[in-house]
Structures are given as structure tokens and as C-alpha cells.
Amino acid sequence: MWLNLLFLGMAAHLAVLLLLYAVGAPAVRAARGLGGRPPVPPPPVPQPSVAMIVPLTGDTPAVRRGLASLLAQKGVARESWFVIRDADDPAARAVEEAIRGRNDAHLLVAGPAAACCQKNHSLLAGIRAAGDVDILVFCDSGHVAAPDFLARLLAPVFRGETVLSTTHRRVVPGDGRLATLAHYFAALAVMMLQNAPLLAQPWGGATAIRRKTFVGEGLEAVWARGVVDDFTLGPHLARRGIRALPVPEACPTTPLSSQTWRAWADWWTRQLFYLKFCMPLAWLAATLVPLTAGAVLAGACWTLCAGLFGGFGSEALASAAYLGLLAALGPLFGSLSESRRPPWRWALAFVLMQALSVACYARTWTANTLTWRGIRYKARLDGSVAAVLRDPDDS
């Protein structure tokens, strides 16, 4: 009986991954511009007013690259607000140098958050500073945006096709470390899911929304107590019949190198935490996915090892075929990246990412505190912050 269940689980696991590839690969190709990029339509005349709000912290090469790419956007008039927590944040110097001589970009100090995550607090400060604009654009820092990123993200909003457009980010591995490639696969899965029908919602990257919708749907109150920005925005609007329109052509890139397993696990666990805090029923239902995948992987490895040492029967043959096909999917998903790595590294990283995701998901069952940018947030299952926990010397 258990062997039949194992074989069924193997087939289901492979089928789900192939379905994910079939649904998500076109969006990834569109993000890379493979097959040609459609021209960007010009904005309407007169153009609706646009405010681009970017919360950030720290001064790193990634932050400076992201700042430069956002300031280099073409084809859309806008006011840009770069928001930091404190005036002594190293990001202040990076922003001041980047916006020097411009009157359409501003540095804003938001102060520390007390009832929500710092990112939400900074975004809300930027919204208040921007005033009564027509469209709000929220961007993550540290990603590299193409010069037409903003125009593409705003195009469907300008045309009236939607009041909410979004795009994820695309990780570009800068080396062949297994943890780097595992991060690529995890981020790729999120991007593919974001572009799947009925699953699209803001989650990393950038989002554009009409200010009238933001205010009218009570999003300020949601963010003022929320543990995360985009992941609370999507479900809140979906319950009101407002769906996000994904724009993969606007997808920024995230160069990634020298990733460690610990850093990857912390990042991936944090993404899963958002699901727990903001969509607890979906998180509970989704438990079956990593548990089943982990059980199938463990069962296949056990059966294969038993076959190697005790006679290679049909069960071991099926397990070998399953593990071989699973590994073969690594180079297939890896082919969607412009980074060229040996097929065996894609394969091994893909299998390790599948296995270690089970442990990351398990971590979400044992904690209700999320750590981000050195601040710990105790969260409730409605996505709100119960407490902001800082070190005594971080005031």
C-alpha cells in the first residue's frame, strides 16, 4: 500500500513541477525579452501624476546600483521619494549623492516604526509626503531596473486596464555556488506563481496602484499595523474583487553572488512566514505540499538505497527514475536564466532546494516572530504586528 502511495507521490511531484514550468516559463521569457519586447506605449496626455516611493537602508553597491537604475527611468514624469528610518542611516549619503542636482527626487526620514514593520512605516511616510497624486508606485531597493521598467509597469494602469499592476524580481546568479542557485530556483518559483492565473498578487519587485484605490480600500490602515507590505495588500484587495495584473516585462533583476545556505534559508523561511501571517488558511492547506514532497523524496532515497544493498527491484528502479527526472528538471528551470552553469550544478541545487524547503516550512510552525533588517516583529495570524522588538541600544 505504501509503495503505491509513494509511486503516486512521485508522479504528482513531477507533474506539479512540469505544470509550474508550463505556466511560468512564458512570463520569465517575457521578462528577459526573449522573442522580442513589445514597444512601450507613450503615457496619456496629460499624464496622471506619479509618485515613486522607495524605502531603503544601508549603503552597498547593490543599493547604489538600484538607486541609479530607478533614477534613470525614461518616458514617465514622476516625483521620487527615497525613505530611510534615521538621518544617520548610511543610505542617506547614497541617496544624497544620487539625487544631487535633481528637483524631482527627495530624501525623506520616516523615523522608527512602533506598530508595524519599518518598511510599511516608511512607505506610509512617503505616501503622505507625495500628497494627492494619481498613482503610487512602490519599489524595492537593491534591484536593477531597466530604463523602461516604470513605463511598462504603469502602462496598463494608464490605459485603464487595471488599478493595480505588479511585477516580481528576477534573480541572476553571479556564481555557481549551490546556495546561490537554490536561491535562484526559489525566487523563480515565486515569480512563476505570481504570473499564474488567479494567483497574481504583489510580492517583491514593484507595484503600481491608483491612489484613489489605495485610500478608498483602507490600505493605509492595513499597512499601519501590518508585518509586511505587498503580501497584505494583495489578499486585502482580492477580497474586494480587485486583482493585480502582473507585468513580467517590467521585472527588475537581482544580481546574486556568494550566497550562503544560512542566508538563503533565512530569506526563504521569511517568504513562507508571510504566507502564514497573511493567509493562514492557505498556509495551513499548503502544508501538504512540502510534507508530501519531503516524504516522497525520503521514501525514494530509502527505497533506492534498499535496492542497492538488497536487490535492485522494480521499486528501486522507479525511485531511481523519479530522482533522475527530478534532477533533470534543474537544468530545465536553469535554462530560463542567462547564467550558464554546468548541468550537474543546476540539478544538485534543484534537488537540494526541494529537500531543504521542507525544513524552512517546518520553521514557520515553531515561531511567530519574524526578523528583518535587524528588527524582530511578533506577528498575529491576521498579518498585524503585535510587538516591535529592538535591541536596547537600537532606539
Side-chain angles (χ1 to χ4, degrees), residues 40-56 67 70-71 73-85 87 95 98-99 101-141 145 149-167 201-202 205-226 228-230 232-234 236-245 247 250:
V40 183
V45 180
Q47 179 200 294
S49 54
V50 174
M52 183 170 65
I53 304 169
V54 186
L56 70 163
L67 281 171
L70 291 174
L71 289 167
Q73 294 303 300
K74 299 178 180 179
V76 178
R78 77 279 182 189
E79 292 281 323
S80 300
W81 298 87
F82 298 95
V83 192
I84 59 176
R85 189 184 80 168
V95 173
I99 67 175
R102 300 183 62 131
N103 57 16
D104 62 347
H106 318 277
L107 173 65
L108 179 65
V109 178
C116 63
C117 73
Q118 184 62 44
K119 187 176 181 182
N120 283 14
H121 182 72
S122 296
L123 286 168
L124 290 172
I127 292 170
R128 288 190 291 269
D132 192 18
V133 297
D134 297 311
I135 300 172
L136 300 166
V137 177
F138 310 119
C139 300
D140 287 346
S141 62
F149 144 78
L150 188 59
R152 291 189 181 277
L153 181 68
L154 287 169
V157 182
F158 282 157
R159 293 195 298 264
E161 297 175 9
T162 184
V163 298
L164 174 66
S165 64
T166 189
T167 189
Q201 75 161 53
T207 296
I209 185 171
R210 288 200 172 273
R211 189 179 186 279
K212 182 178 179 181
T213 302
F214 186 92
V215 174
E217 299 298 337
L219 287 169
E220 181 174 356
V222 174
W223 274 7
R225 60 187 182 89
V228 65
D229 57 325
D230 41 24
T232 54
L233 186 152
H236 181 83
L237 291 176
R239 288 192 291 269
R240 287 155 174 76
I242 300 174
R243 289 282 179 180
L245 178 66
V247 187

[X] side chain to [Y] main-chain N or O, any donor-acceptor pair under 3.5 Å?
X: Gln118; Y: Arg85; result: no
X: Thr166; Y: Ala206; result: yes
X: Ser165; Y: Leu153; result: yes
X: Arg211; Y: Gly131; result: yes
X: Glu217; Y: Lys212; result: no

Side chain to side chain donor-acceptor pair (under 3.5 Å) assessment of Glu79 paired with His106: CA-CA 8 Å; Glu79 292 281 323; His106 318 277; 2.5 Å; yes
Could you report the tightest heavy-atom contact between [X] and [Y], atom names first, then the distance?
X: Asp140; Y: Lys119; value: OD1-NZ, 2.6 Å
X: Ile135; Y: Ala208; value: CG2-CB, 4.4 Å
X: Ala129; Y: Trp81; value: O-CZ2, 3.5 Å
X: Ala155; Y: Pro41; value: CB-CG, 4.0 Å
X: Ala151; Y: Lys74; value: CB-O, 4.0 Å
X: Cys116; Y: Ala224; value: CB-O, 3.4 Å

Val215 vs Glu220, side-chain contact (heavy atoms from CB on, under 4.5 Å): CA-CA, chis, key distance, verdict: CA-CA 7 Å; Val215 174; Glu220 181 174 356; 5.6 Å; no
Say you draw a straight line from [atom1] of [X] to [atom2] of [Y]; how long is it, rounded to the nearest 0.5 Å?
X: Asp134; Y: Leu136; atom1: CG; atom2: CG; value: 9.5 Å
X: Ile127; Y: Ser122; atom1: CD1; atom2: OG; value: 11.0 Å
X: Leu70; Y: Met52; atom1: CG; atom2: CE; value: 5.0 Å

Taking side chain as C-beta onward, heavy atoms only, is [X] less than 4.5 Å from [Y]?
X: Thr213; Y: Arg240; result: no
X: Phe149; Y: Cys139; result: yes
X: Leu123; Y: Val83; result: no
X: Leu56; Y: Leu67; result: yes
X: Arg210; Y: Val157; result: yes
X: Val137; Y: Arg78; result: no
X: Leu219; Y: Ile209; result: yes
X: Val247; Y: Pro156; result: yes

Option among Ile242, Val222, Leu164, Asn120 that satisfies the side-chain contact (heavy atoms from CB on, under 4.5 Å) test with Leu233: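 Testing Leu233 for a side-chain contact (heavy atoms from CB on, under 4.5 Å) against Ile242, Val222, Leu164, Asn120 leaves exactly one candidate, Leu164.
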With Leu71, the side-chain contact (heavy atoms from CB on, under 4.5 Å) member among Val54, Ile99, Asp104, Val95: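 Looking at Val54, Ile99, Asp104, Val95, the match for Leu71 under the side-chain contact (heavy atoms from CB on, under 4.5 Å) is Ile99.
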Geometric class of the Trp223/Phe214 ring pair [parallel <30°, tilted 30-60°, perpendicular >60°]: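 If you compare the ring of Phe214 with that of Trp223, the planes turn out perpendicular.
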